[in-house]
Each structure stands twice: as structure tokens, then as C-alpha cells.
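Computed from heavy atoms alone, side chains included, the values below leave out hydrogens, waters and symmetry copies.
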Amino acid sequence: MQRRQSSKHSKQPLRVHDSNQTDLSAWRKEGSINTEKTVQNQQSPSDDSKHNSLEQAVKFFEKADTVNTRLLKSLVPASVIPESSVVSSVSWLCVSKCTSNVQLLFLRWLITMFDFIDCKEQLHALYGFFFSFIHDEKLCPYVCHLLYLLTKKENVKPFRVRRLLDLQAKTGMQPHLQALLSLYKVFRPELMSITLPGKMKTYFKNSEAPWKAAINAVRRRNQANSPVSQALCLGTTQPQSRKRKWNAQLIIPASSANAQNLVGNSEKNSANDFFPVEQLQAFTQLVENIHCLEFPSQMGSVLTNPLLLHYMNCNKDESIYLRLYYWMGQTLQEECTWCVVENSQYEEEFKDFLEIIYKAECFLQEGFSSCEEFLCRSLPLWDGSCCRSQILRLVSWIPLSSFSEMKSHICDPLAQLFFTSSLYFKCSVLECLKELLQNWLNWHVVRLDSESDYQFRSLNTTLSGLVDGIAELIHFVGWISTVALRLENNCTFLLYFVLDFYEVVCDMYLKYNLPLLIMPPAGVFYPALLSMDSVSLNQLCYIMYRYRTNLVAAKENELTKKKKQQFKFSSQTYQEYNQYIIAMVGCLWTSNVFQKDNHPQGVRLDDELLKKTGVQEFKNSFNIVYHPAMMGYAIHFLQQACPDDPTFNFSLIKGKKWNWYLDYLYAQGLEGLKLFVESSINRVSQASQNKARNVEV
């Protein structure tokens, strides 16, 4: 009987533990009191030894940081983390039994696993608790990081702003404090009178690589065991890659906490005045609830949701962009396949991620600043091969900024790769820079349409910066194009992409309402003029026609407008255009290019030197009949006009046949040549035209 009583009482502390008692010291104390009251004089020596062993075990787990650290580092989720378990874990921070090292490790774990938590309502309710650790110098960076992820507008209070400002005054401008203050200023600008740096930077250190590597290993193992397991745990219907964060859809995994959150949501939403995006199914719902829409904690899911992208496009809430930029910047930095050696085997997945970002930028018609920062950091290390098309597409959406910053971080690394890479890479770079120029110009047009005259006048400095930035970009493209044409021996394929860029440049004044025109350099103009390909020559003719149209319109506006314009085309622009026109007319029409070309890098040559070449009728070598690019058309024309003459005598193309030949060229689709002849040659030299048509050879 005595032995049974002793056994019964010795098990009482275990029953207390089963009743959700979380304080080990209280459990130990209560168990000891109960034991003393019931079996004070009845315990056997064996019971005393068992009790002492249990006390020693409890003390070991209370004091042994090594064990707790190893346990925390082993907490790697296979799918999602229930919010209730996180809240229970947070409660351990309140019992004053965790050392500072364990607290810090737990905060790091919570930040790393933040996107895995299925619901965050209860976690948001603990905002004040987490904020109370802000004074701890060791925990402060991680507390700020967690608060940055949790902060909503209702969390920004005057006392918290004052606390952060006081802390900043003591410690200086720390990156983590700057991050949280920047977010606070977005939500409540009236509470913040200080000026913070406007350029986004990497606020928080990324030191959780081992955890993330373990997560990826678990993901890959689960996916290997079950092809659909990963899709099920993420709540998606399509196979997912190892990177959950940016492939996860908005359907949050079905867990107990989240399921309860979605039940009875209408009453809850009306009380809290927000509409969770998990319930957003149609555009009509977006319109009806746009005033109370709450974005998901997993910001990466926004990129693949057209409804939320529509919302971002309509509601320019800077806090949304801050959260998205922070997440995107961290993910790009972690997953870059040429910056992180371990990621080299996942190039295809990284390509998919970059493609998703590019499509979102196209949808929003604006670039993400976090992508610009990623390109600035990663392009100097890029080999020009990995994810080539995706990287160049992202370059085309770089936001408009100071070209001096862009040149040193993006253009210079691109130029080094450009000169040392293949012809295809050169053409790809020129294409992406053309798209970049078009995106900047489109942004300028949209801004003009959305602003009143008064607002536009107040932004003259911004317009000046825009003009300067675009001018420097055009000069940069002109420089690399000139060098590339020399390196590739004036390759026709490369020349097409160069001229395609200048088709945008020549129409900036009329098409995009930008007071800027820049002529192509001589290293581009003359290879196109003397090209052996009719497509390049026709393209050049069209470009010069559009230059003329824009310059004439600008001159007329200068003469008719009474008020003084802020921007005027320089006389050098008109001078360069006139030099090029003289060269083109002398080459294609009047056959005096070698005598009249006055450009410093032109083709003017002395007659004595030309005679030494042994070429008969060298003066006509580049008119529209004898030009190497047009000679094929001349032969086909003579076959039709003079079928009985097998000698292909080009001198027969004169008088009426000259006019017939022009009509024949126009009928072959040389629209650029037609526009150039009709707009420029007749106005430049009608007498020379008549003379050329009646020349007897």
C-alpha cells in the first residue's frame, strides 16, 4: 500500500505538465510542494533519487543554451507553420527563462520562417510586445527587421516614433532604424519631421543561409518522394519549384488557423474594415473592396496575381511598394545563380523568377527599383551568358534616374561584355537599350498627360534631368555602336539594330514631345549610307526624313511661339543634319558626293586620287543606279524595260526611264527612299535633279 501511494504521488508533476503548463520552474515548484504535502515522510530512497534526477534534468534544459540552440536550428518546416505554434513559442520569451542568445536565435528563426506562417493576425496583435525589445542593443536589429515585416498603419503611434528617434539620437543612423523609420514615415508622414535618405538600400543583413539551405533540402526531398506534395502544401495546382516564396499563389495553405480565419469572414471583415485578398476572385470584387483591401503577408504572390497588380497600378500606396521591394531585393540577392555558387544548379528556376518579375513590370509599365539595385550589384559579376534574355529584359525596365549612377554600375559592365562577346549578344544589348529608351519616353508622355500645366512648370528641373539622362544614353549607344560596327566589319545584321535604335531617336520631338534631337555619329551614318544592303539604305533614308520633319516642326514652334522656350535645339544639331543631307543627296542623286561632302569624317576625295583607282565614271558610283545596294534593282528594271539588251547598260536609265526607275523602286517597298526623295531632294536641288536626269553617258 505504501509503495502504491508513493508511486501515485510521484506521477503528479507529469499530469501538471500535460495541462499546458509552459513554465518549467513553476511546474517543478508545484510538483515539489504537492510531493512534500502528501509523501513528506513516506518516500523511499529510490523515490528521492528519481526526484533529484528529474530536477537535474529540468535545470539542464533551463540552463543549457547549446541544446536549445540546436533544437531551434533543427526547426525546419516541411510545409507551413501554424500561427498558434508561433504564438506559443513567443510566450516563452515572457517567462524570463530564455537567455539573450536564445531570444536572438528565435527572432532570427521567426524572420526566416515568416513567409511560412499560415496566418498572421495573432502575430500582428503581439506588435507591442516585440516593440518592447527595441531597447535591447543586441536584439534591436532583428526586432526592427521583424517589425518591418509586421507594420501596418495602425501600428504607427507617436510614442513609437519618439522611441525610435530617441534611439537613433543615441546610436546614430543605423540601417535597421532607418528602415523602420522610413516605413513609419510612409504610413504617418505627419509624425515624422526628419529627412531620411531617399535611396533604398539593403537595410538588414542576410545571415540565415544555413536555414534556407535546409528548407530547400527538405523541399527537394519531399518533391522527390511525392510529385504533388509540394503543390499541395503550398495550396497550388501546378508543380512548384524549390523556391516557395516567389512561386506561391495567393491560396494560403489549408491549416487549422487559416481555415478558422476564413469561416465567418463577412462579420469579421465588417468589424475590422478590411477585405483579405484570399477571398478576391473577380475584378468586380476588387472594385467593390478597393478601399479596404489588405495585401497578403507573402508579397511575392502579388507578382502572379493580375487583380492585385491592377490594384497596385491604381493605388500608389508607397508602403505596398516598400514591402514588395524589400522582399524582391532579398530574394534576388539570395537566389542569383552567378553571385551564389550553391545556386548554379538552379538556373532554370531563377530564369522563371526573373521572367515573372519582367511580366509584372510590363503589366505595371514601370520598373522596380529593387531590380535596379540587383542589377547594379550583380552585373559586374555577370558572364553575359547565364539568364541572358531575362537580365537584358530587366535592364530595359530600369527606372529613370541619374545616368551617371547608371553608367558606372550598369552601362560600363555592359560595355565590357558588349565589346568582347558575340554578334548576337551585341544585337541583344542594342535591342534592350532601345526598349529602355522607349520606356523612358513613354513614362515622360504619361507624366505630361497626367499633370496640369502648372504642375509641369513646377517640374522643369525634372524635365531637364530627363533630357540630360536621355541624351547621355543616346551618346552612349552611339559610342558602342560605332566601335561594334568596326569590330564586326559593318555587319548588316548589327547595322539593322543600330538603325532601329535611331528610328526612336529621330522622332522624339514629335512623337514623345521631348525637346531633344541627337544625330547619329558619323561612325553609324556613313556605314549605313555606303552599305551593300538595300534594307539598311532604305532605313537610313526614313530616319533622315523623320529628322527633317522633327527639326522643321521645332523651328516653326520657335518662330511662332511668343514666350521664350526653355529648351531649344542647338545650332550644332542643324549643322550636322545639313552635312549629312549634303552627303546623301550628293551620293544618291547628284553624283558629287566626293566633291561636296564637307563632314570632317565624310568621303570627300580629290579627283586625282579618285582617278588613280581606275574606276570609270567614279562620280556615279553611289547614285541610286550604281549604288552597290541598289544595283540588283537596276538589273531587274533593265530586264523589264529593255528585254532585248543583254548588256545591262546602266547608262540607259535616264530621262523618262529615270522616272520609271524611281516608280519601280517605290513599288518594291522602298518607302524610306521615297519619303526622303520627295521631302529632301526636290527642296535641296531641283536644278541638280533635272541635270542628273538628262545626263548623257
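Smallest separation of non-hydrogen atoms from R160 and N155: NH1-O, 2.6 Å. Annotation for L394 and E361: closest pair CD2-OE1, 3.5 Å, computed over non-hydrogen atoms. Pairing each heavy atom of Y325 with each of G367, the nearest pair is OH-O, 4.1 Å. Closest heavy-atom contact between T171 and L177: OG1-CD1, 3.5 Å. Of all heavy-atom pairs between F130 and L150, the closest is CD1-CD1, 4.0 Å. A360 and L303 get closest at one heavy-atom pair: CB-CD2, 3.8 Å.
Counting heavy atoms from C-beta outward, L495 and S481 have side chains that stay 4.5 Å or more apart. Using a 4.5 Å heavy-atom cutoff, the side chains of R163 and F131 are in contact. Taking 4.5 Å as the limit, some side-chain heavy atom of F350 sits within range of a side-chain heavy atom of C387. A 4.5 Å side-chain heavy-atom check between V90 and F106 finds at least one atom pair inside the cut-off. Counting heavy atoms from C-beta on, the side chains of K138 and N101 come closer than 4.5 Å. Here the side chains of L309 and P306 are not in contact, with every heavy-atom distance at 4.5 Å or above. Counting heavy atoms from C-beta on, the side chains of Y321 and S369 never come closer than 4.5 Å. Within the 4.5 Å cutoff, no side-chain heavy atoms of Q365 are placed close to those of V446.
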Please evaluate residues L436 and L433 with respect to the criterion side chain to side chain contact (heavy atoms under 4.5 Å, CB included), reporting the C-alpha separation (whole Å), side-chain torsions for both, the decisive distance (0.1 Å), and the verdict.
CA-CA 5 Å; L436 174 63; L433 293 178; 4.3 Å; yes
E472 and K407: CA distance, side-chain angles, deciding distance, salt bridge (Lys or Arg N to Asp or Glu O under 4.0 Å) verdict
CA-CA 9 Å; E472 290 186 67; K407 184 177 185 302; over 6 Å; no
Would you please test W382 and L414 for side chain to side chain contact (heavy atoms under 4.5 Å, CB included) and show each step?
CA-CA 9 Å; W382 187 43; L414 269 183; 4.3 Å; yes
Side chain to side chain contact (heavy atoms under 4.5 Å, CB included) between L181 and L165: does it pass, once the steps are laid out?
CA-CA 8 Å; L181 285 170; L165 292 177; 4.1 Å; yes
Can you list the steps and then say if Q122 with V86 is a side chain to side chain contact (heavy atoms under 4.5 Å, CB included)?
CA-CA 9 Å; Q122 297 179 35; V86 177; over 6 Å; no
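Between F129 and F133, the two ring planes are perpendicular [angle over 60°; tilted spans 30° to 60°]. In this structure, W338 and F374 have tilted ring planes: the angle between them lies in the 30° to 60° band.
Residues satisfying the side chain to side chain contact (heavy atoms under 4.5 Å, CB included) test with N489, not counting sequence neighbours, are none. By the side-chain hydrogen bond (donor to acceptor under 3.5 Å, both in side chains) test, E348 pairs with no residue at all, sequence neighbours left out.
The CD1 atom of I398 lies 12.5 Å from the CD atom of E435; values are rounded to the nearest 0.5 Å. In this structure, the separation between CG on L437 and OH on Y512 is 7.5 Å, given to the nearest 0.5 Å. Taken to the nearest 0.5 Å, the CD1 atom of I134 stands 7.5 Å off from the NE2 atom of H176. Here the CG atom belonging to L149 is positioned 11.5 Å from the SG atom belonging to C144, to the nearest 0.5 angstrom. Distance CD/Q390 to OH/Y358: 10.5 Å, rounded to 0.5 Å. Here S378 contributes atom OG and H409 contributes atom NE2; the two are 11.5 Å apart, rounded to the nearest 0.5 Å.
Under the 6.0 Å cut-off for aromatic ring centres, H310 and F363 qualify, their centroids lying closer than that. The ring of F419 has its center closer than 6.0 angstrom to the ring center of W479.
Judged by distance alone, with hydrogens and angles left aside, the side-chain atoms of E373 form no donor-acceptor pair with the main-chain N or O of S370 at under 3.5 Å. Judged by distance alone, with hydrogens and angles left aside, the side-chain atoms of H444 form no donor-acceptor pair with the main-chain N or O of L466 at under 3.5 Å. Using a distance-only test at 3.5 Å, with no hydrogens or angles considered, a donor-acceptor pair links the side chain of E83 to the main chain of E121. No donor-acceptor distance shorter than 3.5 angstrom exists from the side chain of S421 to the backbone of F418, with no hydrogens or angles considered. Between the D383 side chain and the C386 main chain, a donor and an acceptor come within less than 3.5 Å of each other. The backbone N or O of Q416 sits less than 3.5 Å from a side-chain atom of T420, completing a donor-acceptor pair. Checked by atom type and distance alone, the side chain of Q174 never pairs as donor or acceptor with a backbone atom of Q168 at under 3.5 Å.
With F425 as the aromatic partner, R388 does not meet the cation-pi criteria of under 6.0 angstrom to the ring centre and within 45 degrees of the ring axis.
One side chain, T151 or Y127, offers a donor N or O that lies under 3.5 Å from an acceptor on the other.
E347 has a carboxylate O that lies under 4.0 Å from a charged side-chain N of K351, or vice versa, which qualifies the two as a salt bridge.
Here the options are D468, V505, I470, L441, the test is side chain to side chain contact (heavy atoms under 4.5 Å, CB included), and the partner is L516; only I470 passes.
With a 6.0 Å radius and a threshold of 12 heavy atoms from other residues, nucleotides or ligands, Y496 has its OH atom at or below the threshold.
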